[in-house]
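Worksheet for the structure shown next.
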Amino acid sequence: MADTSEDKSREIFIKLMSEPHSDSGAIFKPRYLEDKLPYVDYIVELVGAPGTVPYFFVQFKSTKLGYTKKDKRLRVKFPQENVRGLAAYSAPTYIVGIDEKEETGYLISVEGEELSAIASIPSLFPINMQNRGNLWNEVNDFWLKCNRVKKTSQFIEAEEN
């Protein structure tokens, strides 16, 4: 059975995110969610963070249409509902566009209140060694700030005396 275009684009995304960052290996572990969460295609865990497992969510689309002529933006479309739905998660969220012909990918953060549909993605942030490192630091910093708040729950086993 031949690979579909979607299978190929997932392979490209996983390859880009899983490339070794140093002698220690990859710094991300992407997991495809197979439509298990609305608006989210991948949960990506950070590798090597001490004491925690920071993560972020990704929605991705691929294209064979190439780039706009004026600004060299990758021609992938994300409806406003998808952009807002992804941004509603209380975790770092990103949109990734995959150029199937070039086997490259670009990412942008999804945040803010005035989110609209996306008709194309800037090629400013390719998934490369430098931006993987920047992304790792950004996501790790987010979770370090969140983890400063002590977790509490009413659903704990009490010790009996």
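Using a 4.5 Å heavy-atom threshold, the side chains of Glu11 and Ile14 count as separate. Here the side chains of Asp99 and Tyr67 are in contact, with some heavy-atom distance below 4.5 Å. Residues Phe57 and Leu37 meet the side-chain proximity criterion, which asks for heavy atoms closer than 4.5 Å. In this structure, the side chains of Phe28 and Leu46 come closer than 4.5 Å at one or more pairs of heavy atoms. Residues Asp141 and Leu144 have side chains in contact (heavy-atom distance under 4.5 Å, counting atoms from C-beta outward). Annotation: side chain of Ser109 is not in contact with side chain of Pro92 (no heavy-atom distance under 4.5 Å). No side-chain heavy atom of Leu74 sits under 4.5 Å from any side-chain heavy atom of Glu102.
In this structure, the side chain of Thr93 engages the main chain of Val110 through a donor-acceptor pair within 3.5 Å. Judged by distance alone, with hydrogens and angles left aside, the side-chain atoms of Asn131 form a donor-acceptor pair with the main-chain N or O of Pro126 at under 3.5 Å. Judged purely by atom type and a 3.5 angstrom limit, Trp143 uses its side chain to pair as donor or acceptor with the backbone of Tyr55. In this structure a side-chain-to-backbone donor-acceptor pair under 3.5 Å is present from Trp136 to Val47. Remark: side-chain polar atoms of Ser123 are paired, donor with acceptor, to backbone N or O of Lys72 under 3.5 angstrom. Judged purely by atom type and a 3.5 angstrom limit, Asp71 has no side-chain atom pairing as donor or acceptor with the backbone of Arg73.
For the residue pair Gln59 and Leu86, the shortest heavy atom distance occurs at CB-CD2, 3.9 Å. Between Ile98 and Gly105, the shortest heavy-atom contact is CD1-CA, 4.0 Å. When all heavy atoms are compared, the tightest approach of Val139 to Pro54 is CG1-CB, 4.3 Å. Here the shortest heavy-atom pairing between Lys61 and Lys77 reads CE-O, 3.4 Å.
Note: the hydrophobic cluster containing Met129 does not contain Ile27 (ILVMFWY, side chain heavy atoms under 4.5 Å, direct or indirect links). A single hydrophobic cluster is seen to contain both Phe78 and Leu33, as judged by linkage of ILVMFWY side chains at heavy-atom distances under 4.5 Å, directly or through other members. In the hydrophobic clustering of ILVMFWY residues, with side-chain heavy atoms under 4.5 Å counting as a link, Leu65 and Ile108 come out apart.
The side chain to side chain donor-acceptor pair (under 3.5 Å) search around Glu103 returns none, not counting sequence neighbours. Every residue two or more places apart in sequence or in another chain that forms a salt bridge (charged side-chain N to carboxylate O under 4.0 Å, His left out) with Glu45 is listed here: Arg31. Residues passing the salt bridge (charged side-chain N to carboxylate O under 4.0 Å, His left out) test with Arg132 are Glu19, sequence neighbours excluded.
Atom-to-atom distance recorded for Ile121:CD1 and Thr68:OG1 is 11.5 Å, nearest 0.5 angstrom. How far CZ of Arg10 is from CG of Asp7: 4.5 Å, rounded to the nearest 0.5 Å. Here the straight-line distance linking atom OG1 of Thr104 with atom CG of Asn128 works out to 10.5 Å at 0.5 Å rounding.
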| message | Does Asp41 form a side-chain contact (heavy atoms from CB on, under 4.5 Å) with Phe13? I'd like the steps, not just the answer. | response | CA-CA 11 Å; Asp41 296 315; Phe13 174 73; over 6 Å; no
| query | How far apart are the C-alpha atoms of Glu81 and Tyr39, what are their side-chain angles, what is the distance that settles it, and do they pass the side-chain contact (heavy atoms from CB on, under 4.5 Å) test? | reply | CA-CA 9 Å; Glu81 176 186 353; Tyr39 313 114; 2.9 Å; yes
| task | Start with the C-alpha distance between Val83 and Gln80, add both sets of side-chain angles, then the distance that settles side-chain contact (heavy atoms from CB on, under 4.5 Å), and finish with yes or no. | result | CA-CA 5 Å; Val83 175; Gln80 183 177 29; 5.6 Å; no
| field | Step-by-step side-chain contact (heavy atoms from CB on, under 4.5 Å) determination, Leu135 to Met17 | value | CA-CA 11 Å; Leu135 178 60; Met17 294 303 293; 4.0 Å; yes
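With Phe56 as the fixed residue, the ring-ring contact (aromatic ring centres under 6.0 Å, His included) test singles out one of Tyr94, Tyr42, Tyr89, Phe142: Tyr94.
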